[in-house]
**Q** 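Quick one: the structure is below, and I'll ask about it shortly.
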Amino acid sequence: MTENLPIDIHCAKLLDWLVSRRHCNKNWQKDVLVIREKIKHAILDMPESEEIVNLLTGAYINYFHCSKIIEILKGTEKDTRNFLGYYSSQRMKDWQEIDSLYKQENVYLAESAQILQRLVQYEVPGLKNQIKKAEQNLEESVKKEKEYMKQSADSKKLYGKELERFGLPGNKLRLELLELAKDLPTFFGEQSKKIANLKDAIEHYENFRTYLHKDAPPKTSLLPAMKLVSAKGDRATAFELKYGVEPTAVEPPNFELLLQANEKKENDDDGAIDFGDAEIAFDDDQVIDFGYDSNFEVVADDSGAVGSLVARGEDALGVLENTTTQKTLKNELQELLAFLTMRLEDEERDSQADALVLAAEVRPDNAKISNAQLNNWIRSVKEIVADFTNPQRIHLFKIKASPQYVETLVEDLERKRDAEGRLVDRAKLMQQKQSQHEQEEKKLRDNLKSLLESTKELQKEIESEISKKYSNRRVNIMGGINLIKTNTKKSLSVRGTLKCGAVPAFGVLTRLFDRGSEATQALTEEHTNKNGEFTLQASFNPVKNLSPELKVYHDCNDGKKPGLRKFRFRIPENYVVETGNNKIFELGLINLEMKMLGEGRTNNEKAEDHGRRLVRSVQEVVSCDECTIKDDVYISRDSESRRKITTKSPFRGLDESPEQRIDPW
């Protein structure tokens, strides 16, 4: 009865079982070291045989490999065999010696058991972890590529909005920005005339202050910037307001130099620094003459202007042009506006106490003014303040006042313009990484496949050898390679092109399902691009009896009917392959105008859901030029940036009869 009972040995306890049953010596490792050294030398002298190369490729040589090598050498070394059956070839003698050393005290069983344990417990799981890591890297690179492409599109839109905000074509940014400010002198002239018309309001302010400070009138000048502008108009310079002296000459900032530098920068291809070829000769005895006398006298100047009376740089700009003096002017306008508003409130207040004060108060004639005049002044001041605080005009002021601001704007615009290119380059880099990860994953899967096959073969060999020692009783090594999940991830790819008549079917929803599953969630989904093309790729864990099915939802040749037309194709199961296999089911070109057998319809709710999904898909494939329409638009809210996005409706005109359609799609 015991002869029919199998021998079950757990893989983790296999080596201990062999030692405890006295099949192997507990000091077998010392014998293995000697054998390994002999194998190391014997393998250097091998005949040219493809069988031996295939046998030793990627494998750790064990006793069973040695036995196969001896069988191969019996064919290659048969000429060295004598009539007694012995071989004179040293090559054969070395491998026969190795074989005999392995069989002494069953050293080969102990070593094979250790190799099997290492493969099952460490090498196979480690290789599977590497495959999992490669899959994660591949998914991450795909995700990053989509993110970079989306960021690139957003960057392009942002750059376009910036150009639109400034009203620039975007060809030569510096020249175009300076061209924006060419109408500012006319604006400054108009504002100077408006400020000059407030001369009476300024005098009224001064007279009222003098009236309030009868005994000790203030010595400080009131509203100096407005006075200077009202007196000299747009010819008033910031130098004169700053130092109180009219300049003898005016040298405004030279914007032409900035444009010339820009043209030189654009025309300079190499961009290398020219250090010159001449060498500088230094003389130790030579003294540098700086051309000045160290005995000089310091003279103080209390006039306010230091040196010559030449207005240069920003000081040469007008009071209205210079950003600093313009800020002073706006503060004075706010001050005058506050005064006039307060005076109007005082004049309109009609309480008994105010009446008594006015009756007792004696005002000079120049301090009296009507409410209508006050209202006119207030209205004029508010108009001037509104003109100077316009956001678009503030940029023009800074452009006119400072070449550095122009350079800052140009750098900012160029940075936003170049961001699109950088993101596209990153997306291309992610595509390269995807290719690398796919190759790495394929290589690892091939290694895993060969490793599993060699491990299974080794386990069978060990079971066979142990079985011989127990009168050929059945031996089962439990918990070995049989428990390792050898199933790899499966994938399915479908590719095709859809048309509605002669026009590509843009934005059509396509989905992959498993019709044998109770789950209603799609394996993957995608909308067709502007050429009507789609590529569906699904990756999933192995499923028994997977029955793939492609469903298409569209509104082609449908008239004014609610919902969407729906039909499906059954994909052959042999296209469900292991991940890494490039097998693709080619659907080909299909005209959606035709009626399909078994065609169905979606309800309104599903149609609306399809529309929302379509908008998200259209955001990725429609260019900005295609988005700029005024009617028939979809408006959705992006879940990441939380901003409104307007895209052209791909279903425009679809619910008309085919005879009435100008654009059938």
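This chain uses plain numbering: 1 for the first residue, then up along the sequence. Values reported hereafter were calculated over all heavy atoms of this structure, with side chains retained and with hydrogens, waters and symmetry mates removed. Computed from a predicted model, the values in this text were never measured in an experiment.
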**Q** Go through it in stages, so that I can follow the logic: the residues are Met149 and Arg426, the test is side chain to side chain contact (heavy atoms under 4.5 Å, CB included), and I'd like the CA-CA distance, side-chain angles, deciding distance and then a yes or no.
**A** CA-CA 9 Å; Met149 292 304 297; Arg426 291 181 183 178; over 6 Å; no
**Q** Check whether any side-chain heavy atom of Leu337 sits under 4.5 Å from a side-chain heavy atom of Thr341, and report yes or no.
**A**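 Yes, at least one pair of side-chain atoms sits under 4.5 Å.
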**Q** Flag the pair Lys416 and Asp412 as a salt bridge only when some basic side-chain nitrogen lies within less than 4.0 angstrom of an acidic carboxylate oxygen.
**A**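 Yes.
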**Q** Using a 4.5 Å cut-off on heavy atoms from C-beta on, say whether the side chain of Ser141 contacts that of His437.
**A**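 Touching, per the 4.5 Å side-chain cut-off.
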**Q** Test side chain to side chain contact (heavy atoms under 4.5 Å, CB included) on Thr510 and Glu525 and set out the steps.
**A** CA-CA 6 Å; Thr510 59; Glu525 64 179 44; over 6 Å; no
**Q** Does Asn197 use its side chain to pair, donor to acceptor, with the backbone of Lys193 at less than 3.5 Å?
**A**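 Present.
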**Q** Going by an N to O cut-off under 4.0 Å, is there a salt bridge joining Lys194 and Glu190?
**A**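 Salt bridge absent between Lys194 and Glu190.
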**Q** Looking at Asn322, Thr324, Thr325, Leu329, which one forms a side-chain contact (heavy atoms from CB on, under 4.5 Å) with Leu241?
**A**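 Testing Leu241 for a side-chain contact (heavy atoms from CB on, under 4.5 Å) against Asn322, Thr324, Thr325, Leu329 leaves exactly one candidate, Thr325.
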**Q** Could you check whether any side-chain heavy atom of Glu420 comes within less than 4.5 Å of a side-chain heavy atom of Tyr159, counting everything from C-beta outward?
**A**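 Contact flag for Glu420/Tyr159 side chains = no.
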**Q** Determine, for Glu162 against Arg417, whether the closest basic-nitrogen to carboxylate-oxygen distance falls under 4.0 angstrom.
**A**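 The answer is no: the pair does not qualify as a salt bridge.
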**Q** Run the ring-ring contact (aromatic ring centres under 6.0 Å, His included) test on His204 and Phe339 for me, step by step, so that the C-alpha distance in whole Å, both residues' side-chain angles and the decisive distance to 0.1 Å come before the verdict.
**A** CA-CA 10 Å; His204 175 65; Phe339 166 73; 5.8 Å; yes
**Q** Between Lys433 and Glu145, does at least one N-O distance fall below 4.0 Å, as a salt bridge requires?
**A**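 Judged by the 4.0 Å cut-off on N to carboxylate O distance, Lys433 and Glu145 do not form a salt bridge.
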**Q** I'd like to check Asp425 versus Tyr148 (side-chain heavy atoms, cut-off strictly below 4.5 Å). Are they in contact?
**A**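 Answer no - side chains too far apart.
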**Q** Any side-chain heavy-atom pair from Pro169 and Leu163 closer than 4.5 angstrom?
**A**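 Not in contact.
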**Q** Compare all side-chain heavy atoms of His554 with those of Leu498 and state whether any distance is below 4.5 angstrom.
**A**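 A side-chain contact is absent here, since even the closest heavy-atom pair is not under 4.5 Å.
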**Q** Would you say the side chain of Phe534 lies within less than 4.5 Å of the side chain of Val508, judging by non-hydrogen atoms?
**A**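 Not touching, per the 4.5 Å side-chain cut-off.
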**Q** Is the shortest side-chain heavy-atom distance between Lys199 and Met226 below 4.5 Å?
**A**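 Lys199 does not reach Met226 side chain to side chain.
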